[in-house]
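Structure record follows, encoded as structure tokens.
Every chain is numbered from 1, with letters handed out A, B, ... down the list of sequences. Here the structure is a predicted model, which means the values were calculated and not measured.
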There are 2 protein chains.
Amino acid sequence: MNEDPHLTFDINTPGLSTGHLVVPAGNDFETLAIPVVSLNKGDGPRILITGANHGNELEGPLVARRLMAWLPEAQTCGRIVIVPVLNPPAVRGSSRNTPIDGLNLNRTFPGRPDGSISERISDALCRVLVTEADIVFDLHSMGPPFISVPMVITHPISDPDLMAKTLRLGQSMKMPITLLWEHNETAGMFDSWVHGQGKIFICTEFGGGVLTLEDLNIYEAGVRNGLINLGVIDGKPEVPPYRQQKACQTLETLLVDKVASPLPGIFEPACSVLQIVQQGDIIGKVHPVDSVSSESLIIRSPSEGTICTIRTGSFVAEDQDLAIIARPVAT
Amino acid sequence: MNEDPHLTFDINTPGLSTGHLVVPAGNDFETLAIPVVSLNKGDGPRILITGANHGNELEGPLVARRLMAWLPEAQTCGRIVIVPVLNPPAVRGSSRNTPIDGLNLNRTFPGRPDGSISERISDALCRVLVTEADIVFDLHSMGPPFISVPMVITHPISDPDLMAKTLRLGQSMKMPITLLWEHNETAGMFDSWVHGQGKIFICTEFGGGVLTLEDLNIYEAGVRNGLINLGVIDGKPEVPPYRQQKACQTLETLLVDKVASPLPGIFEPACSVLQIVQQGDIIGKVHPVDSVSSESLIIRSPSEGTICTIRTGSFVAEDQDLAIIARPVAT
């Protein structure tokens, strides 16, 4: 029980090397070995790429697999460490949260060495791998109940220099939307903690619903574009079309744009991503489960903006999000 | 605890009436009131329509809501009883199985009055509503990890007359595929029990993944076509296009066509529904979660046929299904 989290291999070995990040055993779970790849081409940016922070967001691990196919040859400098599946127990449970302790891993940062399994994973990640990185890419997706435009998202960062650097790197990925997300619930998030260390953190949100080839291609190209911007690979940025469009916008979503369900029920969406809505336009309906005689509730947009994310047909609890609606960034 | 399952209203009231099917309390859960609608236009077929047998299959409840919008006017004879949400606890949990007892409701038929909540739901349904019906439509969908062609499915039925009647009614719905499904795991299924009563049972399987407007339109038209065939509404059958096609095929899938994952991992599909594959064609890959150095496993089709259902990108446990591949019915 006194073991420290550690790597089974030296990430500074030249070229490609693989092994595991060992998360020590605790009261709730045995020792966990998380697969890790290192691609070391010497001096240059030290980059950490993580996937499957949440266990039902599998675009990240698949994109990580794709990167591993061509990065060993393409990379010219720096060190790229990839953790395709950060939360193996949650992936095995097809679950957003870690089934063993019920926690959302992305609300446990920086973790605790004597905590539950999620807290021990974030502790191991922070102490062993984040300390060794200058820049972190955390590859999320929206998860099955949502459909989302491929986006780079960032919460507002209090340090203006770090905010500008983060936005510039995010925009260099040339995804359909780079989103500034005003958000209340940031305690224990991976990005907040990495920002607090003065490091650049890129969070990507993708797909949801059904995993598509179109999304995977955009995701892979976006990460590649970011790595070109960082100078660790050569090449020209690529912008695969998303729903026949190649536009890249920077938008923001404010607390006043939040659309949550006022009551529980079955959500039936009435709009699609990239659609521009006016204040008062119908977003969808919530159908009650307990009664066939009561009316369904019509949900309207609180503001004018672009639908970045829409819940698909699924049960929604009271106050759960139905959509992300975003507007041009105020200047 | 000695209360019997019952309805809070008389389904023989002329015209539209609504109320609840009361499932008595047990050791694990309080009294459950399941919303029920009856549309009674006198003599004619007695039809029962159920949705959300599984809590993450929400096409059924949405189609039921649509039927309720026009059936009161369109129906000319007979009695149609609709239970839009058969399993409210599973819908509230966004879960295939009932969260309270962990059971798959569709493996508990005909249930037990002194059993757990799922067994009490199936007992109440069988004793109170199935006894009052000649024909049952159970509106399923494939659930989020799959994408499926809209289908009527039936397991082989030993009574040749009932088999022929079931197939004829299924085909009258004019869905893209009517599927004869050879299947080992039928103990406790709703269809097997209703077939055992000598009654017609129609099971529809739809969508999965993301709930789409295209699927809902086909689903609604299919049920309407079936009700026209049964003579309870007037009108001409409609065949909305599915992926630009209007073909209706009858196919069968045999045990030898089964494609299951030989090991756990992240499934990445490489084919799409309606695609025709040859024996040996690549269906997808399974990527291991525990290692970055081991190879991903390529999954190949065991037979020639049409892809009716394909798992989308999701974690798959050992021996879980990856696809349904079907062939023309042997004559």
- Message: Quick check on Ser294(A) against chain B: is it the side chain, the backbone, both or neither that has a heavy atom closer than 4.5 Å?
- Response: backbone

- Task: Please state whether the side chain, the backbone, both or neither of Val85(A) comes within less than 4.5 Å of a heavy atom of chain B.
- Result: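 Val85(A) touches chain B through side-chain heavy atoms alone.
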
If I compare all heavy atoms of [X] with all of [Y], which pair ends up nearest, and what's the gap?
X	Y	result
Ile266(B)	Pro61(A)	CD1-CB, 3.7 Å
Pro35(A)	Ser291(B)	CG-N, 3.5 Å
Asp290(B)	His20(A)	O-NE2, 3.0 Å
Gly209(B)	Val210(A)	CA-CG2, 3.4 Å
Val292(B)	Pro84(A)	CG1-CG, 3.4 Å
Ser296(B)	Arg65(A)	OG-NH1, 3.4 Å

- Please determine, among Ile82(B), Leu16(B), Ile34(B), Val91(B), the option with the most heavy-atom pairs under 4.5 Å with chain A.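 Max contact count across the listed options: Val91(B).
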
- Message: Heavy-atom pairs under 4.5 Å with chain A - which of Pro269(B), Pro288(B), Ala33(B) has more of them than the others?
- Response: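 Of the candidates given, the most pairs with chain A belong to Pro288(B).
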
Report which part of [X] has an atom under 4.5 Å of a heavy atom belonging to chain A: side chain, backbone, both, or neither.
X	value
Leu216(B)	side chain
Pro145(B)	neither
Val36(B)	backbone
Pro88(B)	both

- Is there a side chain to side chain contact (heavy atoms under 4.5 Å, CB included) between Lys285(B) and Leu62(A) once you walk through the steps? CA-CA 11 Å; Lys285(B) 286 183 189 172; Leu62(A) 292 177; over 6 Å; no

- Query: How far does CG of Leu211(A) sit from CD of Glu268(B), to the nearest 0.5 angstrom?
  - Reply: 7.5 Å

